[in-house]
Amino acid sequence: MLNWNGIRSRLRDYPWWLVGILFLVLGTFYLILTQPTFNEAFAFIKAGLSVTLSTTFSAFGIALVIGLLAGLGRISSNVLIRNIATLYIELVRGIPMLVLIFVIAIVVVPAMVSGLNALGATLAENGLPFLAALFSGIENKEVPMTARAITALAATYGAFLAEIFRAGIQSIGKGQMEAARSQGMSYVQAMRYVILPQAVRNVLPALGNDFISMLKDSSLVSVLAVRDITQVTRLYTGQTFRYQEAFTTLAILYLTMTVILSLLVKTIEGKLRRNE
Amino acid sequence: MNNPDAMIFMRDLHKSFGTIEAVNGVTLSIGRGKVMVIIGPSGSGKSTLLRCINHLEIETAGEIWVDGEKLTRDQTQLNRIRAEIGMVFQHFNLYPHLTVLENITLAQQIVRRRTKAEAIEIARQQLDRVRILRKKDDFPFQLSGGQQQRVAIARALAMNPKIMLFDEPTSALDPEMIKEVLDVMLDLVEDGITMVVVTHEMGFARRAANEVVFMDRGKVVEQAAPEAFFTNPQSERSQLFLSQILNK
């Protein structure tokens, strides 16, 4: 006999949304394989894939370091450190990401370069030519837009990740810190060996979701003429006027990457929950 | 009786949280190898007093001396002294991401700088001492409350402390698990380690303590040998407390 209730509840819980996405993705790839216009657009756009991926990965790596440091700074008992970390986070949160990318690439990075040059000049005057060599002779035009884009993305996401790390650390009961300190561990040792391993585990899904967000937001670096998939799509449409083919392909490319990643995050999340 | 040569000595200790005086002028000394049990109603400041001994709480006024050394705010000194003071908490506070064995080897390796092999060997001895060696590869969440607390005791002992502090070690346990923890603590008394115990277990206080301290509203109300305290309490406050607790 058929178990109708079982079948009904299975049908209700089935991830139909995923079938929809699969339909869109496969449909588009069918067009790419069969239609010459789509095929040409895809061939052009996929050249930007390595830039999109390498920009995202390197920016996220740097953002993890910035985020961890700023997150620790946010809960520091040192007033100065805490305020610097909070200032950084609030600055980033108060400015639209697109604007921030312009500001960092066009204002902040050149200012840093001038600062380093000035430092180098001072070191040279004071008879430290070895150190001076490290800091001078960098010229603004030598800092490639890709590097500026990575800096901008990393600085922006560093602030988001800082809040994730802070929340993760604060979710660990204060008894853990007390137990570690009572055994003679320093604050840093207690963080490193007791608090952070637990906190990072708790925020792994949130970090994964931010990685996906960053992959999408990496499209913003196209405004700096970095040749990621969004930028090459714009270049392609400028030459061919095939807007529909190009932007459909672009959207489906992002969708394919983000859906794969978000399924990965869901799997990790489920594994973590099972181990609790 | 109050002398700076004692293992723990505190003079006119005060600790306030905002306007609340949790500890309000306590002078006590605990001799080497002695067991002091601190009792009193909840909110009387006994846990806070205990936490002042290893500076988990920093006193607002007064002095604490541990093994002849005055506690300062210097972190290096504090970490060194804390390594000599084992602490057992009400809620165990085991490290949930580590196995039982790793819980016990972690601080040995990074604070005592023992090799992994040494640390494991000592961890095994201590786990055997608290009769739970067979659980060494389990994670804390797989253990009962009583087992977790015994692991916590082993974790503290593995550092070879001169002093053991117990902050209501059986208060979070189911009744049938209290005994296994108290039995382990009684073994320690035999071994002659200096102990300060905050507890509501009057049976333990009577059997194990060299001295019972009764606290109320941040002050030491009465301090006596257990027999004298339980059979003939001097102050009205401790008489009332004992009658309430024993007639339960």
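Below, chains carry the letters A, B, ... as their sequence lines are ordered, and counting in each starts from 1. Keep in mind that what you see is a predicted model, and the values were worked out from it rather than measured.
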Undergrad: Which answer fits B/Ile110, side chain, backbone, both or neither, if we ask what part of it has an atom under 4.5 Å from a heavy atom of chain A?
TA: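 Both parts, backbone and side chain.
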Undergrad: Between B/Gln90, B/Arg155, B/Gln108, which shows the greatest number of heavy-atom pairs under 4.5 Å with chain A?
TA: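 With the most close heavy-atom pairs to chain A, the winner is B/Arg155.
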Undergrad: Examine distances only and state if a side-chain atom of B/Gln77 and a backbone atom of B/Lys70 form a donor-acceptor pair shorter than 3.5 Å.
TA: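 Looks like yes, one N/O pair under 3.5 Å.
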Undergrad: So, does B/Asn210 use its side chain to make a donor-acceptor pair with the main chain of B/Val35 at under 3.5 Å?
TA: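 Pair found, side chain donor or acceptor close to backbone of B/Val35.
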Undergrad: Please determine which of B/Leu49, B/Ile8, B/Leu13 meets the side chain to side chain contact (heavy atoms under 4.5 Å, CB included) test together with B/Leu28.
TA: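 With B/Leu28 as partner, B/Leu49, B/Ile8, B/Leu13 yield a single side chain to side chain contact (heavy atoms under 4.5 Å, CB included), made by B/Leu49.
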Undergrad: Only one of A/Thr258, A/Val259, A/Thr56 passes side chain to side chain contact (heavy atoms under 4.5 Å, CB included) with A/Ile212; say which it is.
TA: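 Only one option passes, and that is A/Thr258.
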Undergrad: Heavy-atom distance under 4.5 Å to chain A: side chain of B/Leu94, backbone, both or neither?
TA: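 Just its backbone gets close to chain A.
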Undergrad: Going by atom types only, do A/Gln189 and A/Arg192 share a side-chain donor-acceptor pair under 3.5 Å?
TA: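 Checked: A/Gln189/A/Arg192 side chains show no N/O donor-acceptor pair below 3.5 Å.
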Undergrad: Would you mind telling me which of A/Ser182, A/Gly173, A/Ser186 has the largest number of heavy-atom pairs within less than 4.5 Å of chain B?
TA: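 So the answer, after comparing A/Ser182, A/Gly173, A/Ser186, is A/Ser182.
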Undergrad: Between B/Asp137 and B/Thr99, do the side chains contain an N or O donor and an N or O acceptor separated by less than 3.5 Å?
TA: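 Side chains of B/Asp137 and B/Thr99: no pair found under 3.5 Å.
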Undergrad: Out of B/Leu56, B/Asn79, B/Thr76, B/Ile85, which one racks up the most heavy-atom pairs below 4.5 Å with chain A?
TA: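 The option with the most such pairs is B/Asn79.
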Undergrad: Of the backbone (N, CA, C, O) and the side chain (C-beta and beyond), which part of A/Ala180 lies under 4.5 Å from a heavy atom of chain B, both, or neither?
TA: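 For A/Ala180, heavy atoms of backbone and side chain both lie under 4.5 Å from chain B.
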Undergrad: Is chain A contacted by the side chain of B/Phe89, its backbone, both, or neither, given a heavy-atom distance below 4.5 Å?
TA: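 Only the side chain of B/Phe89 comes within 4.5 Å of chain A.
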